[in-house]
Amino acid sequence: MPEMIFRVQWPDGALSDCYSPSLVVQEHLSVGAAYPVADFTRISRTALTIASDRVAARYGFPCSRAARQIADIDARAADFAEDPAALVRVVAFA
């Protein structure tokens with residue numbers, strides 16, 4: 001199963017490399033697009049859950065690394081909860 005990294009830029013300019021055990025993220029996010037933090041969090045959770053479910057279907061157990069990535073995104077997004085105009089930009093897929 002091909003895995004991928006999607007690099008994002010948070011509203012404060014910090015870059016994060018996010019892990020997905022599947023290329024499904026490309027079906028939900030677009031390079032160059034900017035998403036309100038809440039939307040980015042929701043979309044990422046959906047894509048990473050689908051990716052983890054694909055791992056479970058193939059190997060019999062979900063991807064714990066995808067679950068950690070969801071938790072990391074949630075934690076980072078909480079830093080910007082007070083600013084509904086804050087955007088997360090998808091910089092690259094690798």
Side-chain angles (χ1 to χ4, degrees):
M1 182 165 288
E3 56 189 19
M4 69 174 297
I5 300 295
F6 54 107
R7 177 170 281 179
V8 300
Q9 183 175 32
W10 293 95
D12 62 2
L15 295 172
S16 293
D17 286 340
C18 303
Y19 171 82
S20 173
S22 165
L23 301 179
V24 71
V25 170
Q26 293 175 317
E27 297 172 18
H28 295 269
L29 297 170
S30 299
V31 171
Y35 302 88
V37 173
D39 289 348
F40 173 75
T41 303
R42 177 184 49 76
I43 293 166
S44 296
R45 176 180 293 282
T46 297
L48 290 168
T49 299
I50 292 167
S52 183
D53 290 347
R54 288 180 179 181
V55 170
R58 183 162 185 178
Y59 298 107
F61 52 87
C63 179
S64 60
R65 193 167 169 194
R68 281 193 308 275
Q69 186 61 70
I70 291 169
D72 289 348
I73 289 171
D74 287 346
R76 187 71 172 110
D79 294 341
F80 308 102
E82 300 297 319
D83 184 0
L87 299 175
V88 178
R89 181 170 309 280
V90 179
V91 176
F93 293 138

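In what follows, residues are counted from 1 in the order of the sequence shown. In what follows, every heavy atom counts, from backbone to side chain, and hydrogens, waters and symmetry copies are set aside. Everything numeric in this text was worked out from a predicted model, so none of it was measured.
- Here the closest heavy-atom approach between residue Val55 and residue Pro62 is recorded as CG1-C, 4.3 Å.
- Here the CZ-NE2 distance, from Arg42 to His28, works out to 10.5 Å after rounding to the nearest 0.5 Å.
- For the pair Pro21 and Ser52, the tightest heavy-atom approach, listed with the atom from each and the gap, is CG-N, 4.2 Å.
- Cluster membership for Val88 and Met4, using ILVMFWY side-chain heavy atoms within less than 4.5 angstrom, is shared.
- We find the CD-OG1 distance between Glu27 and Thr46 to be 12.5 Å, quoted to the nearest 0.5 Å.
- Listed here is the closest heavy atom pair of Ser16 and Trp10: OG-NE1, 2.9 Å.
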Applying side-chain contact (heavy atoms from CB on, under 4.5 Å), run through Val24 and Arg54 and close with a yes or a no. CA-CA 10 Å; Val24 71; Arg54 288 180 179 181; 3.7 Å; yes
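- Taking CG from Leu48 and CZ from Arg68, the interatomic distance works out to 12.0 Å, rounded to the nearest 0.5 Å.
- In this structure, Phe40 and Tyr35 have tilted ring planes: the angle between them lies in the 30° to 60° band.
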Would you please test Val8 and Arg89 for side-chain contact (heavy atoms from CB on, under 4.5 Å) and show each step? CA-CA 6 Å; Val8 300; Arg89 181 170 309 280; over 6 Å; no
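- Smallest separation of non-hydrogen atoms from Ser30 and Val90: O-CB, 3.4 Å.
- Of all heavy-atom pairs between Phe80 and Ala86, the closest is CB-CB, 4.2 Å.
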The test is salt bridge (Lys or Arg N to Asp or Glu O under 4.0 Å); show your working for Asp12 and Arg76 and say whether it passes. CA-CA 11 Å; Asp12 62 2; Arg76 187 71 172 110; 2.6 Å; yes
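- Atom CD1 of Ile73 sits about 11.0 Å away from atom CD1 of Ile43, to the nearest 0.5 Å.
- The two residues Gln69 and Cys18 have their closest heavy-atom pair at OE1-CA, 3.3 Å.
- Tracing side-chain contacts under 4.5 Å through hydrophobic residues (I, L, V, M, F, W, Y), one reaches Leu23 starting from Val31; they form part of the same cluster.
- Counting only heavy atoms from C-beta outward, the side chains of Val37 and Leu87 never approach each other to under 4.5 Å.
- We find the OH-CD1 distance between Tyr19 and Ile5 to be 7.5 Å, quoted to the nearest 0.5 Å.
- Ser44 contributes atom OG, which lies 8.5 Å from atom CD1 of Ile70 (distance to the nearest 0.5 angstrom).
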